[in-house]
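Taking it in order: structure first as structure tokens, then the write-up.
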2 protein chains.
Amino acid sequence: MRSLVTKINVNDKKASVDRVITHETVYESLYEAIISGRFEPGKILTIRGLAEQFNVSPMPIREAIRRLVALGALEMQSTRRVAVAQMTDSRYREIVTARTLLEPEIAARALPNLNKQLIQKLEKIDNEIDDAINKGEPILYSQKNREFHFTIYKAANCPIMLRLIESIWLQFGPFMRIVIGRLGTSYIVDQHISAITAIKNKDELALREAIKNDIYDGMDRISKELLGH
Amino acid sequence: MRSLVTKINVNDKKASVDRVITHETVYESLYEAIISGRFEPGKILTIRGLAEQFNVSPMPIREAIRRLVALGALEMQSTRRVAVAQMTDSRYREIVTARTLLEPEIAARALPNLNKQLIQKLEKIDNEIDDAINKGEPILYSQKNREFHFTIYKAANCPIMLRLIESIWLQFGPFMRIVIGRLGTSYIVDQHISAITAIKNKDELALREAIKNDIYDGMDRISKELLGH
DNA sequence: TAACATCGTTTGTAATCACAGATGAATAGT
DNA sequence: ACTATTCATCTGTGATTACAAACGATGTTA
């Protein structure tokens, strides 16, 4: 019953740092599942169900769930049941607004730190994104697209803004996954090439513009299909 | 030992909605204490200590703490101790940036909904702020200043952006309280009159400007005193 | 005097238990 | 046939317990 817990590090000094914390492990798994859209919006999550899946007691599950509720990734219903966040028209517009405010800004702050090594990494990820699109693999596309954006954003060394942005991505992850799953990957257009070019040229305005347009490309056009009716 | 729990609502239908949930009560208390600066930055919070204060078991305390950690109000140290968030120079700059991006925007979205009743409420709060400044009551000032801003922001009906903004305020609440406590309330200048005027004139640009300048007035000048050395 | 080691205490973590409310399907009544 | 009701089960919540790591004061050694 404690399969996730029993890993105890033997190092005497730094054991605490490396120690496996069950509720942390659970949180990271759920975080990844939600942000990459492995749960459908509206899906009910039960504490005991997750406890069984993770092979742990309900306690660490509850702690992980509280964190995700605080971030808006999960919703607590009036009866205390917990569900994956739903998308509505007004929420969608808020998300686009918040993204276009925060993400170009953090990208601009990352620009001075985006060295050749990171640029190469971005180009590699962009190739993998093209592969995912051509092969029609929406989950892989989702993961790689996120990796592209957060590789840039993390370079800004702005943990507070990064947390806000992560919170937003957690909220549209499940929805976006459904959209891509329905429409397929062939409709996808992005501004990653423009972004990479702007980074190479150290052109802050062009980078801001590329990120902003990428947000619109990724969200605005597709969303009309679902929210229009 | 269960003094907070035993209130059970008798209404058969809506009992669940009104039911007192301990971890929710604890969360709200801690939220209020942190955002209004009743805890010093860096203060260590222990689960058992809080459990004793609230007269409940450690469990609901842990859930409340997890939520506040997720929002950045509390920090989890490497040894799993939990402390009130510290302020650093770079964090401070991030917070100012995030505020100036999000708060003028949400204020602009609130503008159409700010009717005469809400304007009267804002004027009343602004008077109470002046009283708090004149009487030199920093905690009261803090609360009323927050009430002023969030009265505007809540009118926007933008729950996602509001959550982001709340998260930011939670992070500078303890710090700001210390600053005001040291410098006194006499140094305080704000743009609330400009904001109210802009609201009355339905002048979106002026309102954005007033909010932006209020953020600078409140944070930029004062912070130099503390972070400069 | 100062750095180190030791040991009792405190603290975080997770499992388990107990209980009340919510859920949902079977049953009874119209 | 359909609605209302009842009851067994599921589920969230909170207290208690057990354990290991961290803390802190005391004593020891160089």
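To find a chain, count down the sequence lines: A is the first, B the second, and so on, and within it residues start at 1. Bear in mind that the values here come from a model prediction, so they are computed numbers and not experimental data.
In this structure the side chain of P41(B) never reaches within 4.5 angstrom of the side chain of M87(B), judged on heavy atoms.
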Are F172(A) and F175(A) close enough, and set up right, to give a ring-ring contact (aromatic ring centres under 6.0 Å, His included), and what steps lead you there? CA-CA 5 Å; F172(A) 72 77; F175(A) 168 73; 8.3 Å; no

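As a whole-Å value, the separation of I47(A) CD1 from dT23(C) P is 14 Å. If you take CD of Q53(B) and P of dT11(C), they are 12 Å apart, rounded to a whole angstrom. Taking atom CD1 of residue I61(A) and atom P of nucleotide dT13(C), one finds them 15 Å apart after rounding to whole Å. In this structure, CD1 of I21(B) is placed 12 Å from P of dG12(D), rounded to the nearest angstrom. Across the protein-nucleic acid pair, F54(B) atom CZ and dG14(D) atom C1' stand 15 Å apart, rounded to whole Å. Taking atom CD of Q77(A) as the reference point, atom P of dT11(D) lies 14 Å away to the nearest angstrom. Atom CD1 in I44(A) sits about 17 Å away from atom P in dC10(D), given to the nearest Å. Protein atom CD1 of I65(A) is 10 Å distant from nucleotide atom C1' of dG12(D), rounded to whole Å.
Nearest nucleotide to the P58(B) side chain, out of dT16(D), dA14(C), dG12(D): dT16(D). Here the nucleotide nearest the side chain of R80(A), chosen from dT16(C), dA14(C), dG12(D), is dG12(D).
The side chain of T22(A) places an N or O atom within less than 4.0 Å of a non-bridging phosphate oxygen (OP1 or OP2) of dA14(C). The phosphate of dC23(D) has OP1 or OP2 within less than 4.0 Å of a side-chain N or O from T79(B). Remark: S57(B) is in phosphate contact with dA15(D), judged by side-chain N or O atoms under 4.0 Å from OP1 or OP2.
Residue-to-nucleotide contacts include no donor-acceptor pair under 3.5 Å from the side chain of R19(A) to the base of dA20(D). No hydrogens or angles were tested; on distance alone, nothing pairs the side chain of R62(B) with the base of dG14(D) as donor and acceptor under 3.5 Å. Side-chain N/O atoms of R81(A) and base N/O atoms of dG12(D) include no donor-acceptor pair closer than 3.5 Å.
Under the side-chain contact (heavy atoms from CB on, under 4.5 Å) criterion, A85(B) pairs with E75(B), R91(B), sequence neighbours left out.
A side-chain contact (heavy atoms from CB on, under 4.5 Å) with L30(B) holds for exactly one of T25(B), L170(B), L50(B); it is L50(B).
Residue L50(A) is out of contact with every strand shown, counting any heavy-atom pair closer than 4.0 Å.
Nearest-nucleotide assignment on DNA chain D puts the 5′-proximal partner with M59(B), out of M59(B) and R48(B).
Between the side chains of Y27(B) and H23(B), no donor N or O sits under 3.5 Å from an acceptor N or O.
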